[in-house]
Amino acid sequence: MGKLIVISGPSGVGKGTVLGIAMDRCPDLRFSVSATTRGPRPNEVDGVHYYFVTRERFEEMIAAGDFLEYDAHAANYYGTPRAQAMEKMENGHVLLDIEPKGAEQVKKNMPEAILIFIMPPSVEELERRLRGRGDTSEEQIRIRMERAIWEMDQRHWYDHVLVNDSAEACAEEILKIIADKA
Ligand code: 5GP
């Protein structure tokens, strides 16, 4: 049985890049594909980045107890389908990219899970990275920065806090944490 590894960090911190590098370097790592009610972005593939479902379907899944954890944020639902995560854990370690409210539920239900929080080098750098994406309005930047500050305040109850100065180094640290606890 593999480990369950929860990764949180504010939008723009570079989690996608870090996790991509970690998975390339460690074939035993599997990504837990979440379900969401938000629409797909242009580069996103159903079943790879998310399972894109309707609100009605998501609520049916909540009622059926299908989620290991779920949360509503940014006007949408996001959740980890329990069966998929458990199945993937039979063959390797499973990575969950989820925000702190979901992480808290996982910690409660599965105390053996490893919780890792990824911080930006600074708040200024995070804002610079968010702006660098180019597709975000001032209002969206303000909302994301507020949310980011709340998320970063939660890091104290995570098992590990890493700073993403370099995606390569950060991915290596995650692999070291997993190997230490394996
Ligand atoms: P985005 O819409 O940018 O893909 O994701 C927004 C936020 O939702 C990210 O912080 C991500 O970690 C979080 N998220 C993605 N999937 C899940 C999930 O299954 N459960 C929870 N609680 N949060 C999730």
Side-chain angles (χ1 to χ4, degrees), residues 4-20 22-23 29-55 57-62 64-89 94-110 113-120 126-127 129-137 139-155 157-158 160-162 164 167 170 174:
L4 191 73
I5 301 110
V6 171
I7 310 279
S8 300
S11 174
V13 80
K15 279 175 292 179
T17 308
V18 169
L19 297 188
M23 283 190 283
L29 279 184
R30 316 232 174 322
F31 185 66
S32 160
V33 181
S34 295
T36 184
T37 57
R38 89 151 160 73
R41 296 184 182 133
N43 60 333
E44 288 179 334
V45 179
D46 188 38
V48 176
H49 299 94
Y50 283 104
Y51 293 106
F52 297 100
V53 301
T54 61
R55 185 162 277 270
R57 175 74 191 120
F58 200 103
E59 285 172 352
E60 275 171 18
M61 291 172 77
I62 296 174
D66 288 348
F67 289 114
L68 179 61
E69 61 73 37
Y70 72 92
D71 185 44
H73 56 270
N76 284 299
Y77 281 123
Y78 294 82
T80 304
R82 186 193 307 273
Q84 185 217 164
M86 293 304 159
E87 211 175 281
K88 286 184 175 172
M89 272 170 73
V94 176
L95 285 173
L96 266 55
D97 168 357
I98 62 176
E99 52 64 66
K101 285 186 190 147
E104 198 177 11
Q105 293 173 51
V106 172
K107 194 179 165 81
K108 227 180 264 165
N109 297 333
M110 300 183 71
I114 303 168
L115 275 67
I116 303 176
F117 195 95
I118 303 182
M119 289 285 286
L126 182 70
E127 186 164 346
R129 288 183 193 173
L130 278 177
R131 288 183 188 281
R133 288 179 169 180
D135 58 353
T136 319
S137 71
E139 176 63 2
Q140 277 172 323
I141 300 245
R142 193 188 58 74
I143 293 169
R144 287 196 187 186
M145 285 306 294
E146 256 176 33
R147 169 89 193 169
I149 285 162
W150 174 81
E151 287 197 19
M152 290 188 287
D153 276 352
Q154 306 300 308
R155 70 185 182 277
W157 51 262
Y158 279 70
H160 302 270
V161 179
L162 306 179
N164 185 14
C170 195
I174 292 174

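We count ligands from 1, going down the list as the structure has it; atoms in each ligand are counted the same way.
Nearest protein heavy-atom contact of atom 9 (C) of ligand 1 is K15 NZ, 3.9 Å. The nearest heavy-atom contact from the protein to atom 5 (O) of ligand 1 is Y50 OH, 3.3 Å. The closest protein non-hydrogen atom to atom 23 (N) of ligand 1 is E99 N, 3.4 Å. Of all protein heavy atoms, the one lying nearest to atom 11 (C) of ligand 1 is D97 OD1, 3.7 Å. The protein atom (non-hydrogen) at minimum distance from atom 8 (O) of ligand 1 is H73 NE2, 2.8 Å. Looking from atom 2 (O) of ligand 1 to the surrounding protein, the closest heavy atom is Y78 OH, 2.5 Å. Nearest non-hydrogen protein atom to atom 16 (N) of ligand 1 is S34 OG, 3.1 Å. From the protein, the heavy atom lying nearest to atom 20 (N) of ligand 1 is E69 OE2, 2.8 Å.
By the criterion of a heavy-atom distance under 4.0 Å, the side chain of R38, and not its backbone, is placed next to ligand 1. By the criterion of a heavy-atom distance under 4.0 Å, neither the backbone nor the side chain of Q105 is placed next to ligand 1.
Taking CE of M61 as the start and CZ of R82 as the end, the distance is 11.0 Å to the nearest 0.5 Å. Rounding to the nearest 0.5 Å gives a distance of 11.0 Å between CG of N109 and CD of E104. Taken to the nearest 0.5 Å, the NZ atom of K107 stands 5.5 Å off from the CG atom of L115.
Backbone and side-chain nitrogen or oxygen atoms of D71 are examined, and none is located within less than 3.5 angstrom of a nitrogen or oxygen of ligand 1. The distance criterion of under 3.5 Å between nitrogen or oxygen atoms is not met by G9 with respect to ligand 1.
Around the CZ atom of F58, the shell of radius 6.0 Å holds more than 12 heavy atoms that belong to other residues, nucleotides or ligands. The environment of E60 atom CD is dense: over 12 non-hydrogen atoms of other residues, nucleotides or ligands sit within 6.0 angstrom.
A cation-pi geometry, defined here as NZ or CZ lying under 6.0 Å from the six-membered ring centre and within 45° of its normal, holds between K101 and W150.
Salt-bridge annotation for E44 and R38: present, with a side-chain N of the basic residue lying under 4.0 Å from a carboxylate O of the acidic one. The pair E99-R147 counts as a salt bridge, with a side-chain nitrogen and a carboxylate oxygen less than 4.0 angstrom apart.
Between F117 and Y158, the ring-plane angle classifies as perpendicular under the 30° and 60° cut-offs.
Atoms of ligand 1 found under 4.0 Å from any heavy atom of R41, numbered from 1 in the order shown, are 1 (P), 2 (O), 3 (O), 4 (O).
At least one heavy atom of G79 sits closer than 4.0 Å to an atom of ligand 1.
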